[in-house]
Amino acid sequence: MTDSQPPAALAVHATGLVVQRGDTRILDGVDLTIAPGEIVALLGPNGCGKTTLARTLMGYVWPTAGTIDVLGERLGQTDLRALRRRVAMVNPTLDEGEAHAIGATVDGELDAVSAVCTGFFGTVGLYDPVTDAHRDRAAALLRTVGLGHRLAHRAALLSTGERRRLLVARAMVAEPELLILDEPTAGLDVAGREQVLGAVEMLVARRRGTAVLMITHHVEELSPRTDRVIMMKQGRVVAQGHAEDVVNPEVLSDVYGCRVYVRRVHGRWWLEVLPEAWLDLLAPEADAGQ
């Protein structure tokens, strides 16, 4: 980390990020900027460093090299506990041992309204006094994401998709300046995925000042209002720009290592893989087994 002053005008400004563990470089010179209110999508295959980048921005992983400024605060020179109250993260894919630190879960014994109220304090359980105003806002957000009929239900009794929408409401309850969504629909069926995406869309639309980093494998999950798309491969940013410029077969085929086609319908992107691509994908493995 350097002693230069962070650029206060940006929600995120990361320069030259390197995260190395042993001989493996998980992040390799990543530069990232997100403006206030900007919606940025981060796309890439498994193992390319997306989640490590998100955890580094939150201060849960410390970079080997580079600088990170979040909301005008230089990591390493600021109180992370205070900063994290201005940032919300949804990451339901981490192991249970990591989940408590990174907003992937909440105390399952709490009713849905109380569970969302933990977002005011950045805690898994509810340890601080809760006001009627807190509960009213939590209930309103739960209704917005389609959980108005679950207000009194214990969080542990909600379905997987319902818990994801609860986590999204919890993330937005304190009106964060930066929202990081790390694969929020992982493991859901089509209806569950669309419910989560719809919940995110409605809540973010109501909070226009919030900068959003949406991390996903799937172009289908990009919001029609996405301002910029960043592609990662093997720990590096390999392409970025407006979706119309970088969401194309050439870039996506290179990033995913698979021949793909992509089209845009009603403002959303859809990826197609034709069966002949299977032979290309399986050939190296087949050759190695001979």
Side-chain angles (χ1 to χ4, degrees), residues 38-46 50-51 54 88-94 99 103-106 112-113 115-116 119 138-151 153 155-173 176 179-208 210-231 242-244 246-248 252 255-256 258 260-273:
E38 187 179 23
I39 300 176
V40 175
L42 179 62
L43 286 171
N46 285 329
K50 301 187 303 297
T51 291
M89 183 173 179
V90 176
N91 186 333
T93 63
L94 294 179
T105 192
V106 69
V113 171
V116 171
L141 288 180
L142 285 168
R143 293 188 183 98
T144 299
V145 301
L147 295 177
H149 61 306
R150 296 285 192 249
L151 301 184
H153 281 58
L157 298 181
L158 300 179
S159 70
T160 301
E162 289 172 338
R163 285 198 300 272
R164 298 287 174 82
R165 283 183 277 155
L166 182 147
L167 289 177
V168 172
R170 175 176 176 258
M172 292 298 291
V173 74
L179 174 65
I180 300 175
L181 300 161
D182 190 2
E183 299 181 37
T185 69
L188 297 180
D189 59 25
V190 172
R193 180 189 73 177
E194 294 302 310
Q195 287 172 321
V196 170
L197 294 177
V200 170
E201 192 74 12
M202 285 187 286
L203 293 183
V204 171
R206 293 185 178 192
R207 173 68 178 167
R208 293 188 180 276
T210 298
V212 179
L213 178 62
M214 173 65 162
I215 299 172
T216 178
H217 299 134
H218 307 293
V219 297
E220 295 85 355
E221 297 185 355
L222 269 61
S223 164
R225 297 185 300 110
T226 300
D227 297 301
R228 189 158 44 94
V229 176
I230 298 172
M231 305 275 194
H242 294 296
E244 293 79 4
V246 297
V247 179
N248 58 60
L252 290 169
V255 166
Y256 288 104
C258 172
V260 303
Y261 299 90
V262 66
R263 56 194 171 92
R264 193 176 191 186
V265 181
H266 303 304
R268 293 182 66 183
W269 299 93
W270 303 95
L271 195 72
E272 297 177 295
V273 180

Original post:
Name the one of Glu221, Arg165, Glu201 that satisfies side chain to side chain contact (heavy atoms under 4.5 Å, CB included) with Val196?
Top reply: Arg165
Subject >> Salt-bridge criterion met for Arg268 and Glu194 (N-O under 4.0 Å) >> reply: yes
**OP:** Check the pair Glu220 / Leu271 against side chain to side chain contact (heavy atoms under 4.5 Å, CB included), numbers first and verdict last.
**Re:** CA-CA 7 Å; Glu220 295 85 355; Leu271 195 72; 3.4 Å; yes
Subject >> Donor-acceptor under 3.5 Å (Arg164 side chain, Ala186 main chain) >> reply: yes
Original post:
Under a 4.5 Å cut-off applied to non-hydrogen side-chain atoms, are Pro184 and Met214 in contact?
Top reply: yes
**OP:** Take Val106 and Arg170 through the side chain to side chain contact (heavy atoms under 4.5 Å, CB included) test and state the conclusion after the steps.
**Re:** CA-CA 9 Å; Val106 69; Arg170 175 176 176 258; 3.9 Å; yes
**OP:** Indicate the atoms forming the closest heavy-atom contact of Leu203 with Met172, along with that distance.
**Re:** O-CE, 3.8 Å
Original post:
Where the side chain of Ser159 meets the backbone of Glu162, is there a donor-acceptor pair that is under 3.5 Å apart?
Top reply: yes
Original post:
What pair of heavy atoms forms the shortest contact from Met202 to Thr144, and how long is it?
Top reply: CE-O, 3.3 Å
Subject >> Minimum-distance pair of heavy atoms, taken over all atoms of Ile215 and Ala54 >> reply: CD1-CB, 3.6 Å
Original post:
Of all heavy-atom pairs between Cys258 and Val273, which one has the smallest distance, and what is that distance?
Top reply: SG-CG1, 3.9 Å
Original post:
Is the count of non-hydrogen atoms from other residues, nucleotides or ligands lying under 6.0 Å from Arg225 atom CZ greater than 12?
Top reply: yes
**OP:** Kindly give the heavy-atom pair with the smallest separation between Pro176 and Thr210, and that separation in Å.
**Re:** O-OG1, 2.7 Å
Subject >> Thr185 OG1 to His217 NE2 distance, which is reported to the nearest 0.5 Å >> reply: 9.5 Å
**OP:** For residues Thr216 and Leu222, determine if any side-chain heavy atom of one lies less than 4.5 Å from a side-chain heavy atom of the other.
**Re:** yes
Subject >> Distance, nearest 0.5 Å, that separates OG1 of Thr226 from CH2 of Trp269 >> reply: 10.5 Å
**OP:** Quick one: pull up CG in Leu167 and CE in Met89 and give me the separation to the nearest 0.5 Å.
**Re:** 12.0 Å
Original post:
Would a distance-only check, ignoring hydrogens and angles, find a side-chain to backbone donor-acceptor pair under 3.5 Å from Arg228 to Val40?
Top reply: no
Subject >> His242 side chain to Asp227 backbone, donor-acceptor under 3.5 Å >> reply: yes
**OP:** Let me know which of Val200, Asp182, Leu181 forms a side chain to side chain contact (heavy atoms under 4.5 Å, CB included) with Val90.
**Re:** Leu181
Original post:
So do the side chains of Val247 and Arg264 get within less than 4.5 Å of each other, counting heavy atoms only?
Top reply: no
Subject >> Spacing of Tyr261 atom OH and Asn248 atom CG [to the nearest 0.5 Å] >> reply: 13.0 Å
Subject >> Thr160 side chain reached by Leu188 side chain, heavy atoms, under 4.5 Å >> reply: yes
Original post:
Any donor and acceptor pair, going by atom type alone, linking the side chain of Lys50 with main-chain N or O of Gly44 inside 3.5 Å?
Top reply: yes
Original post:
Do Arg150 and Leu142 come within less than 4.5 Å of each other through their side chains, counting heavy atoms only?
Top reply: no
